[in-house]
Amino acid sequence: MKVDLNCDLGEGAGQDAELMPLITSANIACGAHAGDPATMRETVALARAYGVAIGAHPGFPDREHFGRREQVMAPGAAGEWVADQIRMLQGIAGETGTIVTHVKLHGALYNMAARDRALAEGILAALAGVPGRPTLVALSGSVLERLAREGGVVPVVAEVFADRTYRPDGSLTPRAQPGAVITDEAQAVAQVRRLVRDGLVGTTDGGTVALRAETICLHGDGLRAVAFARRLRNELAATGIVVRAFRA
């Protein structure tokens with residue numbers, strides 16, 4: 001068994017240097033919800049130093065709410081906005097001969113595209129025109145993942161979350177609702193193990209739902225983000241689960 005560990009970085013949380021050696025894929029903020037060219041260059045360099053796969057992390061242009069507030073945007077315009085952010089990171093990575101291997105949407109844009117077919121189609125259409133066809137990291141079981149697999153326009157990897165709870169339909173519990181974030185590290189580790197080994201996750205109604213787990217999201221802005229990443233790596237190794245970038 002193997003799994004990729006990805007983390008959203010370049011967002012100003014101040015823990016990137018400690019987290020980078022513990023992950024296999026980095027999603028780098030592209031200047032909309034967070035980040036700027038200087039930060040992007042620093043994060044790309046850090047990822048190169050540790051052999052971590054470099055990905056774009058585009059979101060809504062909403063720094064005030066960290067890209068977590070839903071916005072009304074036409075599907076085509078949203079797709080071009082995403083593509084522009086990817087190209088920006090590609091240009092910066094290209095300065096050192098590095099490629100952008102993947103793209104993962106951020107925050108509200110991620111959640112909206114996971115359920116909105118028109119928005120998902122607009123984003124996929126734009127991704128088809130991005131040089132290099134970077135792999136799309138999409139919420140496991142979502143509309144976006146399904147359309148990407150059916151269309152075959154871009155490669156897709158199914159993502160699950162270590163520290164988020166799931167609703168019966170396989171969607172994430174909205175952050176505004178109680179219990180959306182798992183704060184018990186042992187519970188989060190157990191959730192990851194079950195997802196990777198059995199393809200199952202417990203839901204808020206006491207049931208289970210089947211999900212494909214190809215990459216695990218670790219949030220890089222928590223107070224114990226580094227300690228949890230280290231613990232998860234150790235416990236996965238003890239279980240016989242190999243942590244490796246999905247591109248490998």
Side-chain angles (χ1 to χ4, degrees), residues 4 6-11 24-35 37 40 43-44 47 52-62 67-68 70-95 98-161 171-172 211-217 245-248:
D4 172 71
N6 79 75
C7 190
D8 306 337
L9 300 176
E11 297 179 325
T24 46
S25 296
N27 317 310
I28 302 175
C30 299
H33 73 281
M40 292 161 74
T43 314
V44 165
V52 172
I54 293 168
H57 194 41
F60 282 130
D62 178 24
R68 287 178 173 162
E70 294 195 357
Q71 298 186 24
V72 177
M73 187 177 286
E80 285 308 308
W81 181 251
V82 167
D84 287 346
Q85 291 180 68
I86 299 170
R87 293 188 186 103
M88 180 185 296
L89 183 63
Q90 285 180 325
I92 288 173
E95 295 171 359
T98 307
I99 64 170
V100 174
T101 63
H102 64 279
V103 54
K104 173 188 167 181
L105 304 178
H106 169 78
L109 183 58
Y110 179 98
N111 292 321
M112 291 173 68
R115 66 175 189 267
D116 186 321
R117 183 183 182 94
L119 180 59
E121 289 175 339
I123 290 170
L124 288 172
L127 290 179
V130 172
R133 294 179 76 239
T135 297
L136 173 65
V137 175
L139 180 66
S140 186
S142 67
V143 168
L144 182 60
E145 187 212 1
R146 185 177 72 252
L147 291 177
R149 292 194 189 279
E150 291 173 353
V153 175
V154 294
V156 61
V157 168
E159 178 181 45
V160 294
F161 287 73
S171 63
L172 298 174
L211 294 175
R212 186 195 308 248
E214 295 172 321
T215 182
I216 307 292
C217 175
F246 56 77
R247 63 187 170 89

Practice item. Could you list all the salt bridge (charged side-chain N to carboxylate O under 4.0 Å, His left out) pairs where at least one residue sits in residues 124-134, not counting sequence neighbours? Key: none

Point to revise | Ser140 (side chain) donor-acceptor with Ala158 (main chain) under 3.5 angstrom | key: no

Review point. Considering all heavy atoms of both residues, which atom of Cys30 and which atom of Pro58 are nearest to each other, and what is their separation?
Key: SG-N, 4.3 Å

Point to revise | Minimum-distance pair of heavy atoms, taken over all atoms of Gly79 and Ala126 | key: O-CB, 3.1 Å

Study note, to complete from the structure: Paired with Val82, the side chain to side chain contact (heavy atoms under 4.5 Å, CB included) test is passed by just one of Leu124, Val130, Leu105, namely Leu105

Point to revise | Evaluation steps, side-chain contact (heavy atoms from CB on, under 4.5 Å), between Leu89 and Val103 | key: CA-CA 10 Å; Leu89 183 63; Val103 54; over 6 Å; no

Check your understanding: Do Thr24 and Val52 have side chains that get closer than 4.5 Å, going by heavy atoms?
Key -> no

Practice item. Check salt bridge (charged side-chain N to carboxylate O under 4.0 Å, His left out) between Asp116 and all other residues, then give those that pass, not counting sequence neighbours. Key: none

Check your understanding: Who are the side chain to side chain donor-acceptor pair (under 3.5 Å) partners of Glu145, not counting sequence neighbours?
Key -> Arg149

Point to revise | Heavy-atom pair with the smallest gap, counting every atom of Trp81 and Gly59 | key: NE1-O, 2.8 Å

Practice item. Please report the shortest heavy-atom distance between Ala53 and Thr101, naming the atom on each side. Key: CB-OG1, 3.6 Å

Study note, to complete from the structure: Residues Ile86 and Pro134: closest non-hydrogen pair is CG2-CG, 4.5 Å

Check your understanding: Are a donor atom and an acceptor atom from the side chains of Asn6 and Ser25 found within less than 3.5 Å of each other?
Key -> no

Study note, to complete from the structure: Given the options Asn27, Thr135, Thr215, Asp4, His102 meets side-chain hydrogen bond (donor to acceptor under 3.5 Å, both in side chains) only with Asn27

Review point. So, does Gln71 use its side chain to make a donor-acceptor pair with the main chain of Phe60 at under 3.5 Å?
Key: no

Check your understanding: What residues form a side chain to side chain donor-acceptor pair (under 3.5 Å) with Glu95, not counting sequence neighbours?
Key -> Arg41

Practice item. Sequence neighbours left out, what passes ring-ring contact (aromatic ring centres under 6.0 Å, His included) with His33? Give chain and number order. Key: His57, Phe66, His106

Practice item. Scan residues 120-131 for pairs that pass salt bridge (charged side-chain N to carboxylate O under 4.0 Å, His left out), counting only residues two or more places apart or in two chains. Key: Arg117-Glu121

Review point. If every non-hydrogen atom of Val143 is compared with every non-hydrogen atom of Ala120, which pair is closest and at what distance?
Key: CG1-CB, 4.4 Å

Study note, to complete from the structure: Which of Ile54, Ile92, Val100 passes side chain to side chain contact (heavy atoms under 4.5 Å, CB included) with Ile28? Answer is Ile54

Practice item. Please tell me if the side chains of Glu150 and Leu147 come closer than 4.5 Å, counting only heavy atoms from C-beta onward. Key: yes

Check your understanding: Could you go step by step and tell me if Met73 and Met112 meet the side-chain contact (heavy atoms from CB on, under 4.5 Å) rule?
Key -> CA-CA 11 Å; Met73 187 177 286; Met112 291 173 68; over 6 Å; no

Practice item. Look at Glu70 together with Arg115 and state whether they make a salt bridge at an N to O cut-off of under 4.0 Å. Key: yes

Check your understanding: Of Leu139, Leu119, Leu136, which is the lone residue that meets side chain to side chain contact (heavy atoms under 4.5 Å, CB included) with Leu144?
Key -> Leu136

Review point. If we only count heavy atoms from C-beta on, is the Asp8 to Lys104 side-chain gap below 4.5 Å?
Key: yes

